[in-house]
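Input: a single structure, listed below in structure tokens.
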Amino acid sequence: MQIPEEFYDFCLYLHQDSFYMYGTDPKNIAAGAMEHMSKEQNLALRAFLNHLLTGGYSDDELQKIYRDTDPEISFHGEELRYFLALVRDAINRGL
């Protein structure tokens, strides 16, 4: 699977300081990390997240895709799926 650059870029903003910069609530982390991206990047990210969340990927497959971007924050199983949906929903609200 080709992972778009926008997903890599987004995951770069998921680092240990995220909890300090954005807070501990996953909604705040999702919104905070997106603030660093342009509208065009967010649109591409949303399209990829829609693909991931509706493409029938298992939790293990999503975990592998997420880990391939080398983020510093870990999410597991349904927690990752929930976080990715939060990001997608935050993009939708911001448009």
Determine the minimum heavy-atom distance between L84 and L62, stating which atoms define it.
CD1-CD2, 4.5 Å
Quick one: OG on S58 to CZ on R81, what's the gap to the nearest 0.5 Å?
7.5 Å
Rounded to the nearest 0.5 Å, how far apart are CG of N50 and CZ of R88?
5.5 Å
Carefully, step by step, assess F7 and I65 under the rule side chain to side chain contact (heavy atoms under 4.5 Å, CB included).
CA-CA 10 Å; F7 190 66; I65 293 165; 4.2 Å; yes
Can you see which heavy atom on S38 is nearest to which on Q41, and at what distance?
N-OE1, 2.7 Å
Is the backbone of F75 close enough, under 3.5 Å, to the side chain of Q63 for a donor and an acceptor to pair up by distance?
yes
Report, one line per pair, each donor and acceptor closer than 3.5 Å where one atom sits in a side chain of residues 23-36; sequence neighbours left out.
from: D25; atom 1: OD1; to: K27; atom 2: N; distance (Å): 2.7
from: H36; atom 1: NE2; to: Y22; atom 2: OH; distance (Å): 2.8

Going by heavy atoms in the side chains, are L14 and Y66 under 4.5 Å from each other?
yes
Is the shortest side-chain N to carboxylate O distance from E61 to K64 below 4.0 Å?
no
Taking all atoms of both residues into account, what is the closest heavy-atom pair of E6 and M37, and its distance?
O-CE, 3.4 Å
Please tell me if the side chains of I73 and P71 come closer than 4.5 Å, counting only heavy atoms from C-beta onward.
no
Which distance, rounded to the nearest 0.5 Å, do you find between the CZ of F19 and the CG of D17?
10.5 Å
So, do D9 and E5 sit near enough that their side-chain heavy atoms are less than 4.5 Å apart?
yes
Roughly how far apart are D70 CG and L12 CG, rounded to 0.5 Å?
8.5 Å
For Y8, what residues pass the side chain to side chain donor-acceptor pair (under 3.5 Å) criterion, not counting sequence neighbours?
none
